Novice: 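This is the structure I have questions about; it appears just below.
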Amino acid sequence: MKVSIHEMHMEAKFSMKDGVDITRLTKPMQEALPHIIAVWALVFNKDQDGLTITSAAEGERGDGVHKETSLHYTGNAIDLRTMDIDKKN
């Protein structure tokens, strides 16, 4: 899923792996996400796709999706994949 967030007068494009649930992230994590993406965009060229959110608040404690003590279960963690970034950058 392609998503755009407008933050700090720039647009940062990113993707989300199927099944990723950012709606259950805590308010501080939801507020931090655009800033994380904006910093990524500044470092890796804001016009380039390549950042993918691979995990957020999916699953329930004990289901084996994440480690038992994972902050994902409380909506306090995200996983990012950047391997899609063009190697020239």
Side-chain angles (χ1 to χ4, degrees):
M1 168 191 319
K2 296 285 185 186
V3 182
S4 292
I5 289 183
H6 300 279
E7 181 68 23
M8 296 168 32
H9 306 290
M10 69 170 53
E11 180 176 326
K13 297 177 183 175
F14 67 99
S15 298
M16 288 194 308
K17 187 175 167 183
D18 288 342
V20 170
D21 183 4
I22 61 173
T23 65
R24 292 179 38 203
L25 290 173
T26 61
K27 185 172 180 167
M29 286 298 293
Q30 289 178 7
E31 292 172 351
L33 189 55
H35 299 284
I36 293 166
I37 294 166
V39 169
W40 170 85
L42 286 170
V43 171
F44 290 106
N45 181 354
K46 67 181 178 182
D47 296 325
Q48 180 185 21
D49 288 326
L51 181 70
T52 303
I53 299 175
T54 59
S55 187
E58 303 79 44
E60 301 295 330
R61 196 170 305 281
D63 64 6
V65 173
H66 302 288
K67 186 177 171 184
E68 183 72 28
T69 57
S70 174
L71 295 176
H72 289 279
Y73 296 120
T74 58
N76 289 295
I78 59 171
D79 294 340
L80 303 172
R81 178 177 67 217
T82 59
M83 68 181 194
D84 301 324
I85 296 172
D86 182 352
K87 301 252 190 276
K88 292 183 282 188
N89 292 320

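This one's a predicted model, so the numbers in the text were calculated from it and none came from an experiment.
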Novice: Of all residues at least two apart in sequence or in a different chain, which pass the side-chain hydrogen bond (donor to acceptor under 3.5 Å, both in side chains) check with Thr26?
Specialist: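 By the side-chain hydrogen bond (donor to acceptor under 3.5 Å, both in side chains) rule, Thr26 matches Asn76.
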
Novice: List the residues meeting side-chain contact (heavy atoms from CB on, under 4.5 Å) with Gln30, not counting sequence neighbours, and say none if there are none.
Specialist: Leu25

Novice: Could you work out, with side-chain contact (heavy atoms from CB on, under 4.5 Å) as the rule, every residue matching Leu80, not counting sequence neighbours?
Specialist: Ile36, Leu51, Ile53, Ile78

Novice: Among residues at least two apart in sequence or on other chains, which ones pass side-chain hydrogen bond (donor to acceptor under 3.5 Å, both in side chains) with Thr69?
Specialist: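 Once residues adjacent in sequence are excluded, Thr69 has no partner under the side-chain hydrogen bond (donor to acceptor under 3.5 Å, both in side chains) criterion.
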
Novice: Tell me, please, which residues at least two apart from Asp21 pass side-chain hydrogen bond (donor to acceptor under 3.5 Å, both in side chains).
Specialist: Thr23

Novice: Could you list all the salt bridge (Lys or Arg N to Asp or Glu O under 4.0 Å) pairs where at least one residue sits in residues 30-40, not counting sequence neighbours?
Specialist: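 Salt bridge (Lys or Arg N to Asp or Glu O under 4.0 Å) check on residues 30-40 returns Lys27-Glu31.
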
Novice: Over all heavy atoms of both residues, which pair between Tyr73 and Arg24 is shortest? Give the atoms and the distance, please.
Specialist: O-NH2, 4.2 Å

Novice: Tell me whether Ile37 shares a hydrophobic cluster with Val39, the cluster being built from Ile, Leu, Val, Met, Phe, Trp, Tyr side chains joined at under 4.5 Å.
Specialist: yes

Novice: Any idea which heavy atoms bring Ser55 and His66 closest together, and the distance?
Specialist: OG-CE1, 2.7 Å

Novice: Taking His72 for the side chain and Ala57 for the main chain, is one N or O donor matched with an acceptor at less than 3.5 Å?
Specialist: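 Between the backbone of Ala57 and the side chain of His72 there is no qualifying donor-acceptor contact (under 3.5 Å).
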
